[in-house]
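Input: a single structure, listed below in structure tokens.
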Number of protein chains: 2
Amino acid sequence: MKTQDLTRNQSLVFSALNDAKTPLTAYAILDELRGEGFRAPLQVYRALEKLVERGLVHRLESVNSFIACAHEGASCCKHGLTGFAICTACGNTMEFHHHGVEHQLEALLGEKGFKPEKTVVEIRGLCANCA
Amino acid sequence: MKTQDLTRNQSLVFSALNDAKTPLTAYAILDELRGEGFRAPLQVYRALEKLVERGLVHRLESVNSFIACAHEGASCCKHGLTGFAICTACGNTMEFHHHGVEHQLEALLGEKGFKPEKTVVEIRGLCANCA
DNA sequence: ACAACAAACGTAATAACATTACATAGAGGT
DNA sequence: ACCTCTATGTAATGTTATTACGTTTGTTGT
């Protein structure tokens, strides 16, 4: 479950995301890794799929991008709903966790009989530096 | 600001979404409207852009789709944060509004100096019928 | 060591979603 | 009539993601 048992491709993709610390699209990752021998989108998407499964990487649905989890290891998903504040000016993205929001959404959806599987909370705006 | 001053293309797209009452992709709308003379994606995207501006249609970012606003008219965006619960089995999508969640997110982001512009809350899962 | 199986990989092609560029048409104001 | 702004039509292209197919690698049981 640790980063050491990643395959070569997975490690390369994960490193690219960690180095960036701003969200990257799959194709941006592909371009970064051409020097390492990457040649096709699928190499990136396959690695991303595994990394997301492990909780090492998050997908930002509203910007078609990926970002390394702000928490080392895969413990991330246990501290409440995960949300992101994405600066549209500089790309800087803040991951946050919020139990209150999680509980309120659960309560609301529970009433309606809706069973959540994946919750997306993404706020686009301007970060403190760019505002 | 009412639906009557929509152009022909905008009306057709809006009707398609209202009839569906499940989210539609831009290309699905295009296919529905070929009988009305639509020939290119841009005709749909241009209409959608205006409809979203007016608050008559929402874009669901996590599924690349669009849905008619559940509230007639454009008053929708005044009653708190807008969220969606999207059933991955039947496509049925419930629009909801939640002041509590809105305030908690505002508080959290305010602390960090982040200025929200667009907030995405989309929960995918199973609706009461499909669970 | 070897067969059998599963997971990961390489490559090509294609599908799905969205935008740019450029030319044309219609409505409203002067 | 002329200008301007908005909407439109059409084509081409750009961006994001998946399917299909075959090969390689790694693991397990014998």
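For the helix from C:dA1-D:dT30 to C:dT30-D:dA1, the end axes, each set by the C1' atoms of five terminal pairs, are bent relative to each other by 30° (nearest 10°).
On the nucleic acid side, DNA chain C contacts chain B at distances under 4.0 Å to non-hydrogen atoms, with the end points of that region at C:dC17 to C:dA21.
Closest of all the heavy-atom pairs between A:Pro41 and A:Leu30 is N-CD2, 3.9 Å. A:Ala68 and A:Lys21 get closest at one heavy-atom pair: O-NZ, 3.9 Å.
Atoms CZ (B:Arg8) and C1' (D:dT6) sit 18 Å apart, rounded to a whole Å. Between A:Gln10 atom CD and D:dT25 atom P there is a gap of 16 Å when expressed in whole angstrom units.
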**Message:** Output one letter per nucleotide in nucleotides 9-16 of chain D: B when a protein non-hydrogen atom lies under 4.0 Å from the base, S when only the sugar-phosphate is that close, - when neither is.
**Reply:** BBB----B

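For A:Arg124, the salt bridge (charged side-chain N to carboxylate O under 4.0 Å, His left out) partners are B:Glu61, not counting sequence neighbours. Residues meeting the side chain to side chain donor-acceptor pair (under 3.5 Å) test with B:Glu122, sequence neighbours left out: B:Ser62. For A:Asp31, the salt bridge (charged side-chain N to carboxylate O under 4.0 Å, His left out) partners two or more places apart in sequence, or in a different chain, are A:Arg34.
Cluster annotation: A:Phe66 is not connected to A:Val63 through the hydrophobic network of ILVMFWY side chains, with a link wherever side-chain heavy atoms come within less than 4.5 Å.
Toward the 5' end of DNA chain D, the nearer of the two residues A:Ser65 and B:Ala47, judged by each one's closest nucleotide, is B:Ala47.
Counting heavy atoms from C-beta outward, B:Val13 and B:Leu51 have side chains that approach closer than 4.5 Å.
Between the side chain of A:Glu36 and the backbone N or O of A:Leu33 there is no donor-acceptor pair closer than 3.5 Å. Checking side-chain atoms of A:Glu32 against main-chain N and O of A:Ala16 turns up no donor-acceptor pair under 3.5 Å. A donor-acceptor contact shorter than 3.5 Å is absent between the side chain of A:Thr88 and the backbone of A:Ile86.
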